[in-house]
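Read through the structure below, which is laid out as C-alpha cells, and then see the notes.
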Amino acid sequence: MNITHISELKATSGGLKDVRPQPNPSLHEVLKAIGHRNDYIVSVNTRPREGQQAGRWLPETRTVGSLREWTAPQDRDVWFSPNPLRQKLPRGRKGGIADVVRGQALFADLDVKEGALVSLGECWTVVDLLTEFLEGVPPAVVVESGHGLQPIWRIANTKSLPNLITDDGSRWCEMNARWSSLVNLAAKRVNPRARVDSVFNSDRVLRCPGTVNWKNADEPVAVVAHLHPHFAAGSGQLKGHSPVPMLRPRRLDASLPQPAPGGATQRQSVRVPTSFREAEQWLAAQPGAAATWKQMDGSMQRLCDYPALVKMFAHGLDDDTSAHSLMIRRVQAVVFTSTDGSSGVLRALEMVRTAYLEVMGLRRLGELPGEGRDERAAESDFNRAQVGAVAKARGRIQSPTPRIDSDGRVVLAPMKGHSK
C-alpha cells in the first residue's frame with residue numbers, strides 16, 4: 001500500500017513557542033477530515049486564565065457547520081470532542097460516554113514528559129508504528145498539543161459496519177480497550193520505559209488546533225494540526241484504495257465472541273448486575289489480588305501512586321476537574337488493569353480510596369478549594385464506583401492485549417457482532 005508516511009507531514013517545531021497564529025487547519029476542517037457532517041454536535045470546552053471564571057471548565061455544544069466561521073480564542077485553553085454527541089445536551093455539560101452517538105474516531109495522547117516519551121521525535125515514531133500495525137492506515141489528523149502529539153484515526157461508516165452507536169456501547173468500549181493496548185504496545189516498542197496515559201474513552205476531549213496551550217503560563221505553546229493529504233477534503237479516501245477501514249485491533253482466540261448457530265453473534269453485556277458483596281468476592285478472586293507494592297507490575301503501580309492520586313483529586317486534569325469523576329475513572333482503570341493480568345488490585349483500590357478521602361477531608365477543613373463531602377458520603381462514592389467498575393469488568397471480554405505473529409506484526413481481525 002503506497003501512502004504518504006505520516007512522519008513526512010510533520011512541521012519543524014522550533015517556532016512553536018511563538019504563539020502567533022500558525023498556518024494551521026481550522027477546527028471545522030479537522031472535524032470534516034475525520035468524517036463529521038455539518039449537523040453533527042460536538043462540544044467546545046474552554047478554560048479561562050483570568051477573570052471571574054479563571055480555571056473553570058466552560059463547555060459549549062455546537063453544530064459542526066456553525067464552526068466554519070468560528071474564530072478560536074487565543075487567551076485560554078480550548079479542547080474539542082472528536083466524537084459526535086447527542087442532540088439537546090444539557091447546558092454546561094461537555095458530554096459523557098452515554099452521550100456519544102457515533103464512534104467517529106480513535107485517538108492517542110502521546111505526551112513528552114517524565115516517565116512517558118522523551119521527545120517529539122519518539123511521538124512521531126509511535127504514530128508511524130501504529131500506522132504500520134493498522135496495515136498502512138494513517139491518522140487523518142495529528143495535533144501537536146504543545147507537549148506531545150494527539151493523532152486521530154477516522155473510523156469508517158459503512159452499511160455493513162456503521163459507526164452509529166445504537167446498542168449499550170459494549171462493542172465500542174471493547175474496541176477502545178483493545179486500541180489502548182495497541183497504543184501502549186507501540187509506545188513500548190519505541191521506548192521500553194514509556195507509558196501512555198489511559199485516555200481512550202470515547203468522550204475524551206482533545207486540544208483544539210489554532211489555539212494556545214497555557215498549561216505552563218510562563219511558556220505558552222501554539223497548538224497546531226497536520227491533515228493527511230488523503231483526508232484533507234474530508235472524503236476519507238486513501239488514494240487508489242477503498243474507504244478507511246474500521247480500526248479494530250482484535251486478538252484471534254477463544255476470548256472473542258463467536259458466531260452462534262444460524263449466523264447470529266453471541267454478545268456479552270457491558271455490565272453484569274453486581275452487589276457490593278459480589279464485587280468484594282470478585283476482586284479477591286483476581287490473580288494476585290493481595291500482592292504487595294513490590295509485587296505489582298509497573299502499570300498497576302502507576303495507577304495507584306499515592307502522591308499523584310492526591311494531586312489529581314485535588315487539582316484535576318486538563319479534561320476533568322471533578323475529584324468524584326476522576327476517582328470513578330481511576331477505580332475503573334485499576335479494575336480493568338487487573339483483568340489484563342496485573343496483580344495488586346486490592347492494594348491499588350485501597351490507595352485510591354484513601355487518597356480520595358484525604359482530599360475530601362482537606363476540602364472540609366478549608367485547606368483545599370472545592371466541595372468537601374463528609375466522610376460517609378465520600379466512602380459511599382468510592383463503594384459505588386468499585387461496584388460499577390466490577391459490574392463492567394465482569395461483562396468485559398478478557399485480555400485485550402493484541403497478539404503478535406511470528407514476524408512481529410500485530411494481528412488484526414474484523415470486528416464481530418457489531419450492531420447495525
Side-chain angles (χ1 to χ4, degrees), residues 1-36 42 44 64 67-68 70-72 74 77-83 104-112 116-117 119-134 136-155 179 183 186-187 190 196 199 204-213 215 220-239 241 244 247:
M1 178 179 286
N2 294 320
I3 63 170
T4 305
H5 210 238
I6 195 67
S7 61
E8 297 172 10
L9 305 176
K10 62 181 180 289
T12 58
S13 57
L16 285 181
K17 289 186 178 180
D18 181 352
V19 299
R20 291 174 300 176
Q22 304 287 324
N24 195 32
S26 67
L27 176 57
H28 182 263
E29 290 171 319
V30 166
L31 291 169
K32 298 298 283 185
I34 57 177
H36 283 249
V42 297
V44 177
V64 172
L67 294 169
R68 187 188 299 273
W70 179 72
T71 300
Q74 303 294 301
D77 289 301
V78 187
W79 297 266
F80 75 99
S81 61
N83 284 314
Q104 196 75 33
L106 288 178
F107 40 81
D109 193 356
L110 307 174
D111 287 329
V112 177
L117 298 162
S119 67
L120 204 60
E122 282 196 350
C123 294
W124 282 106
T125 303
V126 172
V127 175
D128 285 338
L129 188 54
L130 286 167
T131 299
E132 292 179 18
F133 285 170
L134 297 168
V137 178
V141 181
V142 179
V143 177
E144 290 194 43
S145 64
H147 301 288
L149 297 181
Q150 295 180 335
I152 309 172
W153 276 263
R154 174 175 171 174
I155 299 179
W179 174 244
V183 174
V190 173
V196 177
V199 293
R204 173 76 175 183
V205 292
L206 305 177
R207 285 280 177 179
C208 182
T211 63
V212 176
N213 185 331
K215 189 172 185 177
V221 188
V223 180
V224 300
H226 310 274
L227 301 189
H228 194 285
H230 298 307
F231 297 85
S235 66
Q237 290 284 126
L238 290 178
K239 195 171 184 178
H241 294 86
V244 183
L247 304 182

Check your understanding: Considering residues at least two apart in sequence or located in another chain, which fulfil the side-chain contact (heavy atoms from CB on, under 4.5 Å) criterion with Ala72?
Key -> Trp70, Gln74, Thr211
Check your understanding: Do Pro151 and Val141 come close enough that some side-chain heavy atom pair is under 4.5 Å?
Key -> no
Practice item. State which residues pass side-chain hydrogen bond (donor to acceptor under 3.5 Å, both in side chains) with His28; sequence neighbours excluded, sorted by chain then number. Key: Asn38
**Study point:** Heavy-atom check, side chain of Cys208 versus side chain of Val223, under 4.5 Å
**Key:** no
Check your understanding: Are side-chain heavy atoms of His147 and Val221 found at a separation under 4.5 Å?
Key -> yes
Check your understanding: Side chains of Asp77 and Asn213: closer than 4.5 Å at any heavy-atom pair?
Key -> yes
Review point. Mind checking whether Val42 and Leu67 have side chains closer than 4.5 Å, heavy atoms only?
Key: yes
Check your understanding: Just wondering, do Pro209 and Val224 contact through their side chains at under 4.5 Å, heavy atoms?
Key -> no
Review point. Okay, side chain of Gln104, backbone of Ile34: is any donor-acceptor separation there less than 3.5 Å?
Key: yes
Check your understanding: Looking at CD of Glu122 and CG of Leu117, how far apart are the two atoms once the value is rounded to the nearest 0.5 Å?
Key -> 5.5 Å
Point to revise | Side chain to side chain, Gln150 and Val142, heavy atoms closer than 4.5 Å | key: no
Practice item. Check whether any side-chain heavy atom of Trp79 sits under 4.5 Å from a side-chain heavy atom of Arg204, and report yes or no. Key: no
